[in-house]
Amino acid sequence: MDRKQCCVKLSVQPSRGLMDEKFIVLVQNALPGSQLTIRALHQCEDGHSWEAFGHYTADTTGTIDVSEDPSIRGTYSGVEQMGLLWSLRPIPGSKPGLRMRKKNIQTPMEVTISVYQGHQTEGFADLVPLSGVVVERWYMAPGVRRIPVTEGGLTATLFLPSGPGPFPGLLDLWGGGGQLVEYRAALLASHGFASMAIDYLTSKFTMETGKMVDNQYFETAYRVLQQHPQVCGSKIAMIGLSFGTSMTLKMAIYSEVIKLSAAVCISGSHVQPVEGSVEEIMGFFQKNAGKTRFNEKNEAIWRDLLLPIPTDPSLKADVGRLQCPLLLVVGEDDQNWPAQESALDIKEMMARAGNSHLLTVLSYPNAGHLIEPPYTPHARSSTFKTVEIQEKVMCLWGGQTVEHSRAQEDAWKKILVFLRENLYGGRNPTSFSHL
Amino acid sequence: PKQWAVLKRDEECMKLLSAMTQVVPPILSVTPCRALVDEKFKVLVENLPPGCPVTVRSLHHSEDKDDWEAYGHYVSDHSGVVSVSEDLSYGGTYTGKEPMGLLWSMRPVPGSRPGLRLRKMNVCTPMLVTISVHSGHEGFRDQAPLASVLTERWYMAPGIRRININEQGVQGTLFIPPGPGPFPGLLDMWGGGGGLLESRAALLASHGYVSLALDYLGFDQESENLEFKYFETAFNIIKDHPQVMPDRVGIFGLSLGSLVAVTLAAYSTIVKPCCIVCISCNHYYPARGSTVTSKFEGVTRWVLSLSARVNEDNQVIWKDVALEFITDPSNIAEVGRINCPTLLVNGCDDQNWPTVETAEDVARLMREAGKEHLLSRLAYPDTGHLIEPPFSPHFRATTFVMRSSKEKVILLWGGQTKPHSDAQEDSWRKILSFLQFHLYCGPNLKAKI
């Protein structure tokens, strides 16, 4: 057996990182000038296998540093320090329409990173790598506490940072698929925010009664968070994605109870019947379901359901009345919601009302709808089931992988800085520089 | 100077800090929050008032249920930031610019029982350290911390397999790195304290070596007769493992463990280590050909009978008595017979064993045998006997139980904390580099190309 093969050393630092932390993948002791493939393999909770790889050439010292050297081709190319994560995609032969989402955030995502002789593109399962390491990626930092919340009929999970506190609070909402999605709240708690992930579409109450929750549900969540002894009650923000944006804007503007210090709205719209309950808002969207388009792959495009942006004020959350800073995150290739058009209209409404100093818009060309924490693999489309439609559809989210991944990384950093500034009051935080 | 300005603003600042933290506290972060024990971290405090005196403290609750702590006194800069990696500590358990001072300067909290030593026996779980920030310098413990975070320090990298070994009479724990291999191997032995310490072997596996932590003193065995055979069998268990490169197996020993390393390298006809690392080297080997432990028992009984020197703190110093033994050439291993690269690491303030003289002696004997080119030496001033992986706390003296008599004594190991910790950090890097060179890409490789 070729002795050279035994000497290649692969290391990933840190070997245990948070999901949004960068790592350095280093190959050493390879033959100078040799062609090598670095590959990542991950088996998700559903049992599907995901892989990413890059083709490299070792330098004159026999070294490859993924943070500095270019991948010639693969699932990513160029100098891409984190390409092995964000370009992960289901291995050939997998079921179509997959999306990677971690349900159990108390265990890490495990990724095996290996280096192979030559420039390989397929059949990795039959090849023996030269070297391999296991890397753990965590949503929860050590000491973060996960607390299920059922008080007041809520279906929610509170994540508390480690330490005495008090901590600013955050209400975390996802979109029309429902469920209790915890990973973003867990990661935000790892950055010092007491974050409550809320299931507001498929809560225990809804599953048992068949009825949607009303506005009070969100106010209850706010109160529970505010009254927690380790939460700073006067510093609470809300973050929502997709349909979660609709709820966030609704609460931020119209609730007598909820007083937000800041709001983050990702891939959403302000278009909604202003007086409507959760159910009525959903119904409003459903009414326009006829505007659904399908592309050549038969993927559903829902962005037209809310277009054109209405001029009737009763159909738009009155952002002119907002009293807290608002950060809008928009993917310009969002095929699911008209986030870009909505952002433009929001900007106009706030300019007219004189509160546009509160608005920041982050708009990303070629980014799609699912703007998730950094290095989450991009899903241009995936099978999706909203709580309204009982069958699964192949939904087009949009976005081109490289630009979408850059948008996720950039948006996350800016979201953290925005939350830090508005909830902690600090300036120029240095502790995010490693992200 | 800054310190005067600080003293004047102290009260003002503490009041401001107290008011601020009613609203939101300072932000404390440790990056990375999960790391191997030999990796560095960055501790940062933000959102403080400017020019504010604070204390950054570490706290660890050990497996033996003792509390260990370290702390440094800092003053925040104009933007309200304290960076432990960049700023100077004005006092505490360490001073100056010390990014890792919160770990290596740890000592038992006031009121603890004396003579404690920190060792992690269960390497499958991380060492948990709480880092916290407190208001003020003097009396910082009087109030609750302003913020705290938990950090994990691991001996085992992800994917490492830990396997209990109990075969052919050999007992120990084998650690195998993830990946296809094959890997170089290491036989890892601690010293005369006995018991099975897995920490270093686990860490070596995290660096790519199949490592066997060998239990050779601490269990019921015909302990009087621990001959070469035991160690040769252990060595071969590693060598014969399907994931090990048979001609890339080395030996790593500390103290009595290094005696095993040199004697195997010098005398064994069965095993040929590829290289050896000897920390706090011991080459005391009278009546050659007999067992290892009986010699150790002999030494300790002899030492006790001669009443080894006890200092004014009632700490036992073996170095001087042992020095007498090793001056007789018939009492020492014929290290001139060693045929593999050898790295000796010792502390110049070693009070437990005359390792300075031993290292000199080994160098002389190897030179006389024409083997000088195989030897590398690292000697560190003000460093004691227990040279461990980096950031482990330093113990100048700890309780030691005499294996045969079960008597408890306090043994003086030596060393001053700061230089000893520097030595641990420096030597570990150099040891890893030595191992990488000889076990991962030895001279043979270059010739093959």
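As the structure is a computational prediction, the values presented were derived from the model and not from experiment. Note on naming: letters A, B, ... go to the chains in the order of the sequence lines (proteins, then strands), and numbering restarts at 1 for each one.
- When heavy atoms are compared at a cutoff of 4.5 Å, A:Leu10 does not approach chain B at all.
- Of the two parts of B:Leu36, only the side chain, counted from C-beta on, holds a non-hydrogen atom closer than 4.5 Å to a non-hydrogen atom of chain A.
- Counting non-hydrogen atoms of other residues, nucleotides and ligands closer than 6.0 Å to CD of B:Glu63 gives a total above 12.
- A salt bridge links A:Arg420 to B:Glu46: at least one charged side-chain nitrogen sits closer than 4.0 Å to a carboxylate oxygen.
- Heavy-atom distances place no part of B:Ala144 under 4.5 Å from chain A, backbone and side chain included.
- Crowding of A:Lys259 atom NZ: a count of heavy atoms from other residues, nucleotides or ligands under 6.0 Å exceeding 12.
- The candidate from B:Ser148, B:Pro178, B:Pro158 with the greatest count of non-hydrogen atom pairs under 4.5 Å with chain A is B:Pro158.
- A:Ser162 and B:Leu150 get closest at one heavy-atom pair: OG-N, 3.5 Å.
- With rounding to the nearest 0.5 Å, the separation of CD in A:Glu21 from SG in B:Cys33 is 5.5 Å.
- Among B:Gly208, B:Ser132, B:Ala157, B:Ser206, the residue with the largest count of heavy-atom pairs under 4.5 Å with chain A is B:Ala157.
- For A:Ser114, no part lies near chain B; criterion is any non-hydrogen pair under 4.5 Å.
- Residues meeting the side-chain hydrogen bond (donor to acceptor under 3.5 Å, both in side chains) test with B:Lys239, sequence neighbours left out: none.
- Here A:Lys9 contributes atom NZ and B:Phe183 contributes atom CZ; the two are 10.0 Å apart, rounded to the nearest 0.5 Å.
- Residues meeting the side-chain hydrogen bond (donor to acceptor under 3.5 Å, both in side chains) test with B:Asp87, sequence neighbours left out: none.
- Heavy-atom neighbours of A:Gln81 CD from other residues, nucleotides or ligands within 6.0 Å: above the threshold of 12.
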**Request:** Decide yes or no on side chain to side chain contact (heavy atoms under 4.5 Å, CB included) for B:Gln436 and A:Asn29, but give the supporting numbers first.
**Result:** CA-CA 10 Å; B:Gln436 165 127 347; A:Asn29 279 0; 3.5 Å; yes
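- In terms of heavy atoms, A:Pro164 sits closest to B:Pro145 at CG-O, 3.4 Å.
- Interface remark: A:Gln13 contributes side-chain atoms only to the contact with chain B (heavy atom separation under 4.5 Å).
- With respect to chain B, the highest number of heavy-atom pairs below 4.5 Å among A:Gly192, A:Ala141, A:Pro14, A:Gly233 belongs to A:Ala141.
- In this structure, CD on B:Glu39 lies 5.5 Å from OG on A:Ser15, to the nearest 0.5 angstrom.
- Residues B:Arg34 and A:Pro142 have side chains in contact (heavy-atom distance under 4.5 Å, counting atoms from C-beta outward).
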